[in-house]
Amino acid sequence: MKNKPILKLNRLAMIIPAVLVLLSLSSCQQEEPYSNRTPSGSTLVNLSVSASNSDVTLVSDDPASAIKSLCILQFNANGNDFGTLRHVGIGTENVAGGGKYSATLLQSVDTNDKYKFVVLANFPNGYGVFQGMTGKSYAAVQQACLSEEITGNLGFDTNNCFPMFGIPKGGTPEVIDETLDLGSVSLVRAVARVDIGIGKKDANTNTWSKNGVKFNMTQIQIWKSGKQYAYMPLEGSFSSAGGALTITAPSPVGAVATKAYDNTYITSGTYCAEKIYLPEVDLQWGSVYDTKHTSRLAIIVGGKYNGSQKETFYRVDFTKTGNTGEQVEYLPLKRNHKYIITITQALGTGYKSFSEALASYTVMSNLKFRLIHYDRDKVKDVVYNGQYMLGVGESEVAVTQYQNNSYAIDVFTDSPGGWKATITAGNDWLKFEGGADAASGVANDDTQLKLKIPYFNNENIGVGRKATVTLTAGRLTHNIEV
C-alpha cells in the first residue's frame, strides 16, 4: 500500500539539552530502517540544538551535553509495548555549525498502524549499527547498541559528547500522520558521574575545602567498574509515564576491570570533580557483611593521614545514607545520576595495601563519608550548608491561566528530617495538591511537591499574579517563585 507524504512539521523539545525537532515522513516505506538520505519530495526535519547545563549550579554551559548527531527509532507498537524496529530516521546537519538537522519517518497506513519512538543522540561511531536491524525487537536493538570496551578512563568533552536516550510522547503508541505532534522529550546521559571530595563542598564552584579533616587524597581506584556501557537502557528499566523519563534500574553489560585515577585527577589532594564517569552497575544484592563483598564495585581511596608520608588505603561503598550496621542498603549506579561522596572524618590510618582495603568493611573504616545521589535531569538548583543539600527541579514556575491541580516539582534532600514546604506569599490563591497549606517529603529519596493552581480570570484579577513557595530542610532554605 502506498503511503501519503506527511506535510506537517512536528516539534520536539528536550530538557537536557534543549532541542527543537521538526519531523517529516517519507513518501514511501523502506524495508531497510537505516538511511541518512532524504528521499525526493519529502519534507526536511529541522532540528535546532542548544547545549544547556543541567548540573546543579547552572553557572555555565556543559559542552559535553551538546547534541552533535541524532536519530529517531520507529518501532511497531505491540499493544502498549515496543514491537519490532520498522525504520530509523537519521539526523543530517543542514548548515555546518548551524545546529540544523533533517530526518524522515514512515507514515501509518491506517489508524491501527501505530508506532513507539526512541530518540538517540551522539553515537560515537555513527548510526551504521542499525543497518540490517529491520524486524528486530527492542531487546535485540538494545544489545546491539553497546559501547566498545573502554581502555583507560571514560571522559567526555565538546568533541566527545555524552550518548543520550529519550522517549517521546511518554511512550504512548501513536498513529503517524500529518497531525502528529511529538511534544517535549527529555534526553538522559548513558553513564553515571561520581565526584569525591574531603571536608566541605562549595556548590557554586563544585570544589571542596578540607574544613579541618586531616587527610590528603593521593589516588582513587574503582574496583570492578564496567568495561562497556549501553547506549539504550534495558526495556523495563525505565518509566516514561506522563512524559517524564525516569531510570528505575541499571542496565549493566560486559566484563569488569579496575580503573585508576592518580594524583593528576585530584586537585590539591582534596577533591576529584567532573572527572569520574562510570557505566551502570547493579549493586542491590546481598548484604554488607556477605561473602561476596569483594565481588561488588567499590572505591578504594589512597591517602595520607594527619601529615604522615605513608600512603594507606580505605574502602568506600555506594550505600544509602541514614542506616547503620546490617541495615545499610547498597545503591545501584544508574545512568544520568550524579553521586557525590564527601569524606567527613579521618580517624586514623587505613590499610597497608589495596587488597586489604578491598576486603574491609566500610562500617569499621577510619574514613567516614557521606554519599548523596540524584537524577541530573530532575534536580538542577541545589543549596548546600557544607553538610546537607536541598535541591529542586525548578526555582521559577511560569504557568498559563488554566487550572492545574497537580503541578509537580522534583525535590531531593539528604537532611535527616526530610523537607517541608509552605506558601509564604500568595497563599490566598496558590495551594498544594488537595488544597493543603503545606507539603513534605522524606530524605534520601526522589520526591515531589505538587501545586494546586486555580483558573486565572485576568479580566477580574489583572494581568498576572505571583506566589512564593518556601522549602526548608533542617537549616536549609530554598524559594520557588510561581
*Evaluate the side chain to side chain contact (heavy atoms under 4.5 Å, CB included) criterion for residues Leu297 and Trp223: first the C-alpha distance (whole Å), next the side-chain angles of each, then the deciding distance (0.1 Å), finally the verdict.*
CA-CA 5 Å; Leu297 179 144; Trp223 171 253; over 6 Å; no

*Look only at the side chain of Asn206 and the backbone of Ala273, and say whether a donor-acceptor pair between them is shorter than 3.5 Å.*
no

_Going by the rule side-chain hydrogen bond (donor to acceptor under 3.5 Å, both in side chains), which residues pair with Glu148 if we only count those two or more places apart in sequence or in a different chain?_
Asn125

*Report yes or no: does Asp317 contribute a side-chain atom to a donor-acceptor pair with the main-chain N or O of Thr319 at less than 3.5 Å?*
no

*Side-chain H-bond candidate by donor/acceptor type, Gln219 with Asp262, under 3.5 Å*: no

*Return the set of residues passing side chain to side chain contact (heavy atoms under 4.5 Å, CB included) with Lys259 (not counting sequence neighbours), or none when no residue passes.*
Ile150, Asn153, Ile222, Ser225, Tyr261

*Any side-chain heavy atom of Ile220 sitting closer than 4.5 Å to one from Ile276?*
yes

*Output yes when a side-chain donor or acceptor of Lys116 lies under 3.5 Å from a complementary backbone atom of Leu73, and no otherwise.*
no

*Grab the two heavy atoms, one from Ile247 and one from Lys334, that are nearest each other, plus how far apart they are.*
O-NZ, 3.3 Å

*Do the non-hydrogen side-chain atoms of Phe165 and Leu245 ever get within less than 4.5 Å of each other?*
yes

*Between Ser365 and Arg315, do the side chains contain an N or O donor and an N or O acceptor separated by less than 3.5 Å?*
no

*Under 3.5 Å donor-acceptor, Arg335 side chain and Ala230 backbone*: yes

_Expected output: side-chain Lys227 to main-chain Gly254 donor-acceptor under 3.5 Å_ = no

_Measuring only between side-chain heavy atoms, which start at C-beta, is Asp195 closer than 4.5 Å to Ile341?_
no

*Is atom NZ of Lys224 surrounded by more than 12 heavy atoms (other residues, nucleotides or ligands) closer than 6.0 Å?*
yes

*Does any N or O in the side chain of Asn366 come within less than 3.5 Å of the main-chain N or O of Thr349, such that one atom is a donor and the other an acceptor?*
yes

*asked:* Quick one, Gln74 and Ile176 - any side-chain contact, counting heavy atoms below 4.5 Å?
replied: yes

*Got more than 12 heavy atoms from elsewhere within 6.0 Å of CG, Asn80?*
no

*Using the side chain to side chain contact (heavy atoms under 4.5 Å, CB included) rule, take Lys114 and Ser108 through it: C-alpha gap first, then chi angles, then the decisive distance, then the call.*
CA-CA 7 Å; Lys114 295 185 178 182; Ser108 298; 5.9 Å; no

*Can a salt bridge be assigned to the pair Lys304 and Glu311 using a cut-off of 4.0 Å between side-chain N and carboxylate O?*
no

_Below 30° counts as parallel, above 60° as perpendicular, anything between as tilted: where do the rings of Phe75 and Tyr138 land?_
tilted

*Do Tyr229 and Ser251 pass the side-chain hydrogen bond (donor to acceptor under 3.5 Å, both in side chains) test, and can you show the C-alpha distance, the side-chain angles, and the key distance before you say yes or no?*
CA-CA 8 Å; Tyr229 59 95; Ser251 302; over 6 Å; no

*So, does Thr344 use its side chain to make a donor-acceptor pair with the main chain of Lys368 at under 3.5 Å?*
yes

*Do side-chain atoms of Lys275 reach the backbone of Tyr265 as a donor and acceptor pair under 3.5 angstrom?*
yes

*Would you check if the side chain of Ser268 reaches a backbone N or O of Thr270 as a donor-acceptor pair within less than 3.5 Å?*
no

*Do we see a donor-acceptor contact under 3.5 Å between the side chains of Ser353 and Ser355?*
yes

*Side-chain heavy-atom pair Ser360, Phe313 within 4.5 angstrom cut-off*: no

*Could you check if a side-chain atom of Phe82 sits within less than 4.5 angstrom of a side-chain atom of Ser137, using non-hydrogen atoms only?*
no

*Determine, step by step, whether Asn76 and Arg86 satisfy the side-chain hydrogen bond (donor to acceptor under 3.5 Å, both in side chains) criterion, reporting the C-alpha distance in whole Å, the side-chain angles of both residues, the deciding distance to 0.1 Å, and the verdict.*
CA-CA 6 Å; Asn76 293 300; Arg86 183 71 185 87; 4.8 Å; no

*Validation row: Val175, Asp113 side chains within 4.5 angstrom (heavy atoms)*: no

_So, taking the atom named CG in Asp202 and the one named OG in Ser209, what distance separates them when rounded to the nearest 0.5 Å?_
7.5 Å

*Do the side chain of Asn211 and the main chain of Lys200 share a donor and acceptor less than 3.5 angstrom apart?*
no

*Between the side chains of Gln228 and Ser147, does any donor sit under 3.5 Å from an acceptor?*
no

_Side chain to side chain, His478 and Trp419, heavy atoms closer than 4.5 Å_ = no

*asked:* Does the plane of the ring in Tyr231 sit parallel, tilted or perpendicular to the ring in Phe123? Use 30° and 60° as the thresholds.
replied: tilted

